[in-house]
Number of protein chains: 2
Amino acid sequence: MDRLDRKIIAELRRNGRATYAELGRIVGLSASSVHERVGKLEAAGVITGYHAMVDPRTVGLGVTALVGIQPTDTASDEDVADALAELPEVESCYGVAGEEAFVVKVRVPTVDELEHTLGRLRRIDGVARTHTTVVLSTRFEGRPNNTGLDLPEDTGRGGVAS
Amino acid sequence: MDRLDRKIIAELRRNGRATYAELGRIVGLSASSVHERVGKLEAAGVITGYHAMVDPRTVGLGVTALVGIQPTDTASDEDVADALAELPEVESCYGVAGEEAFVVKVRVPTVDELEHTLGRLRRIDGVARTHTTVVLSTRFEGRPNNTGLDLPEDTGRGGVAS
DNA sequence: CGTGAAAAGAACCTGAC
DNA sequence: GTCAGGTTCTTTTCACG
């Protein structure tokens with residue numbers, strides 16, 4: 001994981017369909033070298049996939065909400081997380097510190113559907129209460145800005161071997 | 001935006017590097033047709049881009065937090081949002097209903113850096129208070145599950161023409 | 001809209017340094 | 001690790017249904 005790998009990663013985060021030739025031009029390497037490096041980054045679990053980003057509003061998902069999930073005293077976090085994963089409306093799920101066990105991001109077509117989804121969430125075994133924050137505007141989301149590119153070097157923690 | 005487009009979108013969300021030939025096989029169309037459809041979906045703003053997903057821990061961003069931003073009475077939301085956008089640690093930014101004006105997702109290498117970033121957030125003009133929820137585990141994030149594929153048809157709201 | 005054909009380019013493998 | 005070359009597949013354009 002050197003400077004070149006980080007440059008490749010940054011570019012692929014920006015443009016996930018960049019060709020190896022294109023990446024090679026950017027980092028000053030041949031397409032085959034880039035091909036091999038990217039393959040290693042994928043194998044090492046650094047790059048976990050490539051995905052098209054879709055404007056949710058254009059596919060009928062105009063309502064977004066952040067929902068905190070308070071567990072019952074006897075709840076198993078794993079079971080609750082599994083149940084949350086069952087709902088396709090739940091796009092992201094974070095286990096968090098604090099009163100709540102999870103914060104999830106939910107996307108639905110309408111506030112009507114949001115109400116139904118919240119009902120479904122509350123009915124999950126192990127869920128005591130939910131606290132919903134309705135998203136009014138998405139200023140930006142999942143920016144590829146901070147890829148550790150601008151980090152001093154390595155701070156000692158959390159590396160995966162290459 | 002017919003059933004075929006939705007199938008293409010779903011597949012590109014799953015695999016952003018799928019070839020047109022591959023997509024054609026899935027939807028039962030020629031590569032050129034798929035090529036044209038994808039071009040239209042991009043032009044219409046349905047597909048907004050393609051991005052590599054990177055495991056944040058492998059690039060030195062092991063700490064994630066959700067931060068609610070309470071504005072001062074006299075704050076301009078736009079100015080605060082602009083200031084938030086300046087910080088590369090802020091990956092996502094949502095304007096929300098409730099006590100807080102924004103909820104942002106922050107990624108940093110360490111809790112030390114989190115402290116610094118929170119300081120920077122509080123020093124933004126128009127920010128009165130922050131409320132931080134530390135993410136302990138990311139169960140899943142940005143799942144391509146709900147692309148409106150499973151929606152009955154169209155519920156009337158929020159469409160962009162094709 | 002859809003297609004199939006054809007040129008250009010990329011992916012991907014191999015061999016060599 | 002990196003590269004160049006060669007085969008295969010994809011992209012991209014275009015004339016045509």
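In this text, all values refer to a predicted model and were calculated from it rather than measured experimentally. Both backbone and side-chain heavy atoms feed into the values below; hydrogens, waters and symmetry mates do not. Order of the sequence lines sets the chain letters (A, B, ...), proteins ahead of strands, with each chain counted from 1.
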Item checked: Neighbours of DNA chain D within residues 19-32 of chain A, by heavy-atom distance under 4.0 Å ->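 Those residues whose heavy atoms fall under 4.0 Å from DNA chain D, taken from residues 19-32 of chain A in numerical order, are A:L29, A:S30, A:S32.
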Is A:D77 paired with B:R139 through a side-chain N to carboxylate O contact shorter than 4.0 Å?
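The answer is no: the pair does not qualify as a salt bridge.
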| message | When you measure from the side-chain N and O atoms of B:S33 to the phosphate of C:dT3, is any distance below 4.0 Å, counting only OP1 and OP2? | response |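 True: B:S33 side-chain N/O within range (under 4.0 Å) of C:dT3 OP1/OP2.
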For this session: Would you indicate, yes or no, if C:dA11 has its OP1 or OP2 atom less than 4.0 angstrom from a side-chain nitrogen or oxygen of A:H35?
Result: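 Answer no for this pair, as no side-chain N or O of A:H35 is under 4.0 Å from OP1 or OP2.
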Any chance you could pull the hydrophobic cluster mates of A:V96, using side-chain heavy atoms under 4.5 angstrom and chaining through other members?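 Grouped by the 4.5 Å side-chain rule, A:Y94, A:V103, B:L66, B:V135 form the rest of the cluster around A:V96.
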Review point. With sequence neighbours excluded, what pairs up with A:H35 under the ring pair (Phe, Tyr, Trp, His ring centres under 6.0 Å) test?
Key: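 Counting only residues at least two positions away or on another chain, A:H35 forms a ring pair (Phe, Tyr, Trp, His ring centres under 6.0 Å) with A:Y20.
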Qualifying residues under salt bridge (Lys or Arg N to Asp or Glu O under 4.0 Å), relative to B:R14, sequence neighbours excluded
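Partners of B:R14 by the salt bridge (Lys or Arg N to Asp or Glu O under 4.0 Å) criterion, ordered by chain and then number, come out as B:E11.
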**Message:** If the condition is salt bridge (Lys or Arg N to Asp or Glu O under 4.0 Å), which residues does A:E22 pass it with, not counting sequence neighbours?
**Reply:**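 A:E22 satisfies salt bridge (Lys or Arg N to Asp or Glu O under 4.0 Å) with no residue once adjacent residues are dropped.
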Please report the shortest heavy-atom distance between A:M1 and B:T58, naming the atom on each side.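 Taking every non-hydrogen atom into account, CE-O, 3.4 Å.
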Mind listing the closest non-hydrogen atom pair of A:T132 and A:A65 along with its distance?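 So the two residues come closest at CG2-CB, 3.9 Å.
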Q) So which one's nearest nucleotide on DNA chain D is more toward 5', A:E36 or A:R17? A)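 The 5'-side residue here is A:E36.
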Legend entry - Terminal axes of the helix from C:dT3-D:dA15 to C:dC17-D:dG1 (five pairs each): angle between them, nearest 10 degrees: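 Terminal axis comparison yields 20°.
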